[in-house]
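Okay, structure first, notes after.
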Amino acid sequence: MTIKWFESTTTTMNMEIIMNNTYGVLTNRVSVEEILEQYVDGKLDTLSDAMFYGNPLEMTVEDIDEVIDFFENTEEYEKCGELLCVKNDKLAELITKKLMRNALFK
């Protein structure tokens with residue numbers, strides 16, 4: 001029983017690290033390079049903790065929804081609000097590209 005608790009706690013901690021790293025990059029609080037430097041320089045636990053949810057530089061709307069869902073479950077609603085703004089910006093960018101593409105090829 002203790003081993004299972006430890007494993008689930010470790011998994012939860014890893015998910016928190018992954019989602020917080022991704023949140024930081026999506027909200028422009030920190031760059032991918034800055035996160036990697038923190039781990040490489042030995043300031044934080046291990047380089048394996050320098051993970052992200054997907055590629056934070058090429059997130060889809062669905063990926064952002066997954067990150068929002070994580071923070072809803074941990075009741076970090078301020079982060080959810082900021083991520084909704086990021087999602088809306090991404091949606092606006094996609095719509096603009098589609099409209100421009102349609103206008104150019106008509």
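Quick caveat: nothing in here was measured; it's all calculated off a predicted structure.
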In a table with atom names and distances, give each donor-acceptor pair under 3.5 Å that connects a side chain of residues 52-59 to protein atoms at least two apart or in another chain.
residue	atom	partner	partner atom	Å
N55	OD1	L57	N	2.9

Backbone of T60 reached by a side-chain donor or acceptor of D63 within 3.5 Å: yes

From N73 atom CG to I68 atom CD1, the distance as rounded to the nearest 0.5 Å: 12.0 Å

Spatial distance of atom CD (E66) from atom CZ (F71) [nearest 0.5 Å]: 12.5 Å

For M100, the rest of its hydrophobic cluster, which grows through side-chain links under 4.5 angstrom: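 None; M100 is a cluster of one.
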
Hydrophobic cluster partners of F105 (side-chain heavy atoms under 4.5 Å): L104

ILVMFWY network linking V61 to L26, side-chain heavy atoms under 4.5 angstrom: no

Linked, directly or transitively: V67 and L91 (ILVMFWY side chains, under 4.5 Å):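 Cluster IDs for V67 and L91 differ.
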
Partners passing side-chain hydrogen bond (donor to acceptor under 3.5 Å, both in side chains) against K97 (at least two apart in sequence or in another chain): E93

Where at least one partner belongs to residues 21-35, residue pairs that pass salt bridge (Lys or Arg N to Asp or Glu O under 4.0 Å), sequence neighbours excluded: R29-E82

Side chain proximity check, F70 to E72, heavy atoms < 4.5 angstrom: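 Contact flag for F70/E72 side chains = no.
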
Salt bridge (Lys or Arg N to Asp or Glu O under 4.0 Å) against E76, all qualifying residues, sequence neighbours excluded: K79

Residues forming a salt bridge (Lys or Arg N to Asp or Glu O under 4.0 Å) with D65, sequence neighbours excluded: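 D65: salt bridge (Lys or Arg N to Asp or Glu O under 4.0 Å) contacts with K87.
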
